[in-house]
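No experiment lies behind these values; they were computed from the predicted model shown.
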Amino acid sequence: MGLSTHVLDTMHGGPAAGMKVSLFTTTEDGQATLVKSFTLNHDGRNPDGLLYDNDSLQRGTYRLVFDVKGYFASKHVELPEPNFLNQVSLDFGVAHTDQHYHVPLLVSPWSYSTYRGS
């Protein structure tokens, strides 16, 4: 249970190891408060495990921000200036704290996809 994320680099066909990610709580009027920032491990996941465990996860809205431009630049991918994707920001809601919320991101320099995983 709790909240987790996982990022896959669809350009290179593997985990987005080394991508920087920030987690925020958000309010109805769009105010965001930084909870934590981290760098994805070799498997494209938070090195500390869950972003929130089941006891800490609260009902409400959240934002994950993924540094796509920085990640692909670090992989020496030739990017146009400005790059098509800089940061991918995903806003999502948690309605049931007794369920697991997994927020995966599939990303390339030109596209991304997400869904509620299990």
Side-chain angles (χ1 to χ4, degrees):
M1 299 299 170
L3 174 65
S4 60
T5 191
H6 184 209
V7 183
L8 296 175
D9 170 349
T10 59
M11 179 181 194
H12 296 105
M19 181 180 285
K20 294 179 181 173
V21 182
S22 295
L23 171 66
F24 298 83
T25 57
T26 60
T27 61
E28 288 182 21
D29 63 355
Q31 296 287 342
T33 301
L34 179 65
V35 174
K36 65 174 76 178
S37 293
F38 53 95
T39 301
L40 299 177
N41 67 13
H42 69 282
D43 195 32
R45 299 175 190 273
N46 177 21
D48 297 328
L50 293 173
L51 302 175
Y52 280 108
D53 63 22
N54 193 44
D55 293 332
S56 302
L57 186 62
Q58 300 289 316
R59 187 174 185 276
T61 55
Y62 297 85
R63 175 177 297 145
L64 280 166
V65 178
F66 302 89
D67 182 12
V68 174
K69 180 180 178 181
Y71 168 77
F72 283 106
S74 76
K75 298 293 181 194
H76 307 290
V77 174
E78 190 173 326
L79 301 171
E81 190 55 47
N83 191 45
F84 182 66
L85 293 176
N86 184 6
Q87 294 186 336
V88 169
S89 179
L90 301 177
D91 289 359
F92 59 96
V94 170
H96 304 284
T97 59
D98 61 336
Q99 298 177 8
H100 184 72
Y101 283 77
H102 182 62
V103 184
L105 181 71
L106 308 174
V107 68
S108 82
W110 306 279
S111 68
Y112 68 91
S113 177
T114 190
Y115 54 94
R116 181 177 171 194
S118 58

Colleague: Check whether any side-chain N or O of Thr39 sits under 3.5 Å from a backbone N or O of Lys20 as a donor-acceptor pair, and report yes or no.
Modeller: no
Colleague: Quick one: are Leu64 and Phe92 in side-chain contact, heavy atoms under 4.5 Å?
Modeller: yes
Colleague: Would you say Thr33's side chain and Thr25's backbone share a donor-acceptor pair under 3.5 angstrom?
Modeller: no
Colleague: Please confirm whether the backbone N or O of Asp53 pairs with a side-chain atom of Ser56, one donor and one acceptor, at under 3.5 Å?
Modeller: no
Colleague: Considering only heavy atoms from C-beta outward, does the side chain of Val107 approach that of Phe66 to under 4.5 Å?
Modeller: no
Colleague: So, for Pro47 and Phe38, which heavy atoms are closest and what is the spacing to 0.1 Å?
Modeller: CD-CD1, 4.3 Å
Colleague: Determine, using the 4.5 Å side-chain heavy-atom cutoff (strictly less than), whether Trp110 and Met19 are members of one ILVMFWY cluster.
Modeller: yes
Colleague: Are side-chain heavy atoms of Val21 and Asp67 found at a separation under 4.5 Å?
Modeller: no
Colleague: Kindly indicate whether the side chain of Tyr115, heavy atoms from C-beta on, has any atom under 4.5 Å from the side chain of Pro104.
Modeller: yes
Colleague: Has Lys36 got a side-chain atom pairing as donor or acceptor with Leu51's backbone, closer than 3.5 angstrom?
Modeller: yes
Colleague: Above 12 or not: heavy atoms from other molecules or residues under 6.0 Å from OH of Tyr112?
Modeller: no
Colleague: What closest approach, in Å, do Arg63 and Ser89 show between heavy atoms, and which atom pair accounts for it?
Modeller: CD-OG, 3.2 Å
Colleague: Just checking Tyr52 against Tyr101, ring centres under 6.0 Å apart?
Modeller: no
Colleague: Going from CG on Leu79 to CZ on Phe72, what distance comes out if it is rounded to the nearest 0.5 angstrom?
Modeller: 8.5 Å
Colleague: Under a 4.5 Å cut-off applied to non-hydrogen side-chain atoms, are Val7 and Leu106 in contact?
Modeller: no
Colleague: Is there a path of hydrophobic side-chain contacts, each under 4.5 Å between heavy atoms, that joins Val65 and Val35?
Modeller: no
Colleague: Would you say Asp9's side chain and Met11's backbone share a donor-acceptor pair under 3.5 angstrom?
Modeller: yes
Colleague: May I ask you to decide if Ser37's main-chain N or O and Ser22's side chain share a donor-acceptor pair within less than 3.5 Å?
Modeller: no
Colleague: What is the distance from atom CG of Asn54 to atom CD of Gln99, rounded to the nearest 0.5 Å?
Modeller: 10.0 Å
Colleague: Compare every heavy atom of Val68 with every heavy atom of Leu85, then report the nearest pair and how far apart it is.
Modeller: CB-CG1, 4.1 Å
Colleague: What are the two closest heavy atoms between Leu50 and His100, and how far apart are they?
Modeller: CD2-CE1, 3.7 Å
Colleague: Kindly indicate whether the side chain of Leu105, heavy atoms from C-beta on, has any atom under 4.5 Å from the side chain of Leu90.
Modeller: yes
Colleague: Contact between Arg116 and His102 at the side-chain level, heavy atoms closer than 4.5 Å - yes or no?
Modeller: no
Colleague: Please say yes or no: joined through hydrophobic side-chain contacts below 4.5 Å, possibly via intermediate residues, are Leu8 and Val77 part of one cluster?
Modeller: no
Colleague: Strictly distance-based, threshold 3.5 Å: is any side-chain N or O of His6 a donor or acceptor partner for the main-chain N or O of Asp43?
Modeller: yes
Colleague: Would a 4.5 Å heavy-atom cut-off, applied to side chains only, mark Glu81 and Lys69 as touching?
Modeller: yes
Colleague: Apply side chain to side chain contact (heavy atoms under 4.5 Å, CB included) to Asp91 and Phe24, showing your working.
Modeller: CA-CA 9 Å; Asp91 289 359; Phe24 298 83; over 6 Å; no
Colleague: Any idea which heavy atoms bring Ala95 and Arg59 closest together, and the distance?
Modeller: O-NE, 3.7 Å
Colleague: Distance check, rounded to the nearest 0.5 Å: Ser111 atom OG versus Phe84 atom CZ?
Modeller: 8.5 Å
Colleague: Examine distances only and state if a side-chain atom of Thr26 and a backbone atom of Thr61 form a donor-acceptor pair shorter than 3.5 Å.
Modeller: yes
